[in-house]
Amino acid sequence: MKKGLIALSPLAVFIVLYLVTSIIARDFYKVPITVAFMVASAYAVVISEGAPLRQKIDIYSKGAATGQMMLMIWIFILAGAFAHSAKVMGAIDATVNLSLTLLPGNMLLAGLFLAACFISLSVGTSVGTIVALTPIAAGVAEQTGASIAMMTAVVVGGSFFGDNLSFISDTTIVATSTQGCKLSDKFRVNSFIVLPAALIVLAAYLFLGSGIQSPSQLSEVSHTKVIPYLAVLITAICGMNVMAVLTLGIILTGIIGIANDSFDIFGWFTAMGDGIKGMGELIIITMMAGGLLEIIKYNGGIDFIINRLTRHVSTKRGAELAVAGLVSFVNLCTANNTVAIITVGGIAKQIGDRFGVDNKKCASILDTFSCTIQGIIPYGAQLLMAAGLAQLNPISILPYLYYPLVIGITALLSIIFRYPKRYS
């Protein structure tokens, strides 16, 4: 047990240094998240045993530069280039004005949430949805005087609707494949759990948005400048790869911006470069988080969690709670819901088979709880991306993240009260 706690202690160092210190100081900008990760990473390397320093650094570097991490970093780079060049070209202002023209102020929160749900369900990725909608949400907030953090949280919450339910979501595919059930069956069970949550959150946004007023005077909408965002949304909904979607968006901002004299070709290059530089901190955080969590895994932290959570299971309800706790804790450590499901999927299957848990219910629990945790950790890719695009501290978004919390509550209730009954 001592060894397991030591293996997990770098995570505690990060939490204490970043969250606890910031809470005491009442300022989440006092301790930069990059510094917290740097200190925790150095501590993790130092406490690791059984390998020379160079090998421990290699293990850390391997975690920081896995294929999945590098893919995420390329997406961040393209997203930064697209978002800033679109902003300089005027695409964000034009899209915001169009949104304010089409939707009354009191429907903006609910409309944005529905848009995020629909897009994420169509594209199967929370990150793609956040990239497409966050700049628009931030622009709408500035125009209406609403909280930018709240508007951003609406998009992040809605993005997890599709991440959890979509047939092409990587979490859905991994959860069903590890549990040996059909995508359609898992969708059916999952719907009983999360649709009530979505309706509750939608009702909350209708109520909270009742006080938002559209500006009395709106600028004339430049429809050609809306094209890059429309193209990004439509191609994403059609299932195009997120990197291809962003590349198309960047090309369109250049063509339309040069045609409209928003900038010349060198201005376009400068806008893209500034956008990429703006993603620098996010890229560094992503790499350090990957390295830190690889060291924790190497030291046996993940195995320790799995063993501790499964040793006292004796009932079907207990088995479902163990699976939920298992994927939640591993997600906290890995900061990646897909990786968390891959890590514990086989063990969850064994637990489920041993205690008679329906494999469709087990897949739903894995997916829903991983999305809950991924949606509320400030060092997860989704919150970091949203915060970067909206120019916020990730912590400032947390108080408004209703949907991830509510689906976690409804999933927990589904275990406690045994619903949907047919699968429990």
Side-chain angles (χ1 to χ4, degrees), residues 65 69-102 115 119 123 125 127-143 148 151-152 155 218-287 381 384-392:
M69 284 290 177
M70 293 309 299
L71 178 62
M72 192 63 66
I73 287 168
W74 291 125
I75 292 171
F76 291 163
I77 289 170
L78 289 172
F82 169 66
H84 196 70
S85 57
K87 181 178 181 179
V88 173
M89 187 268 279
I92 294 176
D93 291 338
T95 308
V96 167
N97 287 334
L98 180 63
S99 303
L100 294 173
T101 302
L102 295 175
I119 293 168
V123 303
T125 166
V127 171
T129 305
I130 288 166
V131 168
L133 288 182
T134 298
I136 298 171
V140 168
E142 289 178 358
Q143 288 276 4
I148 297 177
M151 284 287 192
T152 304
V155 172
L218 291 172
S219 303
E220 185 179 345
V221 178
S222 177
H223 291 89
T224 56
K225 292 183 178 180
V226 178
I227 290 173
Y229 271 111
L230 287 178
V232 164
L233 295 178
I234 292 168
T235 53
I237 289 169
C238 291
M240 186 183 287
N241 179 277
V242 65
M243 293 180 72
V245 167
L246 291 171
T247 302
L248 175 64
I250 292 168
I251 292 169
L252 286 173
T253 59
I255 293 170
I256 296 169
I258 292 170
N260 286 337
D261 292 325
S262 299
F263 42 55
D264 57 18
I265 190 166
F266 298 108
W268 179 39
F269 290 163
T270 300
M272 285 191 288
D274 290 342
I276 293 168
K277 283 191 288 187
M279 288 288 166
E281 184 180 39
L282 176 56
I283 291 168
I284 291 167
I285 291 167
T286 301
M287 295 183 73
L384 289 173
M385 171 67 84
L389 291 171
Q391 298 182 331
L392 297 169

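Nothing here was measured: the structure is a model prediction, and the numbers come from that model.
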**Student:** In Å and rounded to the nearest 0.5 Å, what is the CD1 to CG distance from I285 to L384?
**Tutor:**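 These two atoms lie 5.5 Å from each other.
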**Student:** Please find the pair of heavy atoms, one from A386 and one from T134, that lie closest to each other, and give the distance.
**Tutor:** O-CG2, 3.6 Å
**Student:** Would E142 and I148 count as a side chain to side chain contact (heavy atoms under 4.5 Å, CB included) if you check the C-alpha gap in whole Å, the side-chain angles of each, and the deciding distance to 0.1 Å?
**Tutor:** CA-CA 7 Å; E142 289 178 358; I148 297 177; 3.9 Å; yes
**Student:** With sequence neighbours left out, write down each residue that passes side-chain contact (heavy atoms from CB on, under 4.5 Å) with V88, or none if nothing qualifies.
**Tutor:** H84, F263, A271
**Student:** Would a 4.5 Å heavy-atom cut-off, applied to side chains only, mark I77 and M272 as touching?
**Tutor:** no
**Student:** Strictly distance-based, threshold 3.5 Å: is any side-chain N or O of D264 a donor or acceptor partner for the main-chain N or O of F266?
**Tutor:**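 Confirmed, D264 side chain pairs with F266 backbone.
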**Student:** Rounded to the nearest 0.5 Å, how far does OG1 of T152 lie from CD of Q391?
**Tutor:** 10.5 Å
**Student:** Identify which one of L248, I250, V131, V245 satisfies the side chain to side chain contact (heavy atoms under 4.5 Å, CB included) criterion when paired with V232.
**Tutor:** V245
**Student:** Check whether any side-chain heavy atom of M89 sits under 4.5 Å from a side-chain heavy atom of K225, and report yes or no.
**Tutor:** yes
**Student:** Given I255, which of I258, I251, T253 fulfils the side chain to side chain contact (heavy atoms under 4.5 Å, CB included) condition?
**Tutor:**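 Exactly one pass, corresponding to I251.
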**Student:** Might you point out which heavy atoms bring A132 and Y229 nearest each other, and give the distance in Å?
**Tutor:**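 In terms of heavy atoms, the two residues are closest at O-CE2, 3.4 Å.
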**Student:** Between M243 and L71, is there a side-chain heavy-atom distance shorter than 4.5 Å?
**Tutor:**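 With C-beta onward as the side chain, the pair touches.
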**Student:** Mind running side chain to side chain contact (heavy atoms under 4.5 Å, CB included) on M69 and I283 for me, showing each step along the way?
**Tutor:** CA-CA 9 Å; M69 284 290 177; I283 291 168; over 6 Å; no
**Student:** Nearest 0.5 Å please: distance from the CD1 atom of I136 over to the CG atom of L389.
**Tutor:** 11.0 Å
**Student:** Filter on salt bridge (Lys or Arg N to Asp or Glu O under 4.0 Å), then keep only pairs touching residues 269-285, sequence neighbours left out; what's left?
**Tutor:** D274-K277
**Student:** Rounded at 0.5 Å granularity, tell me how far CE in M279 sits from CD1 in I75.
**Tutor:**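 Result: 11.5 Å between the selected atoms.
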**Student:** Kindly give the heavy-atom pair with the smallest separation between F82 and G249, and that separation in Å.
**Tutor:** CD1-C, 3.4 Å
**Student:** Given side chains that start at C-beta, do those of I73 and M70 come closer than 4.5 Å, heavy atoms only?
**Tutor:** yes
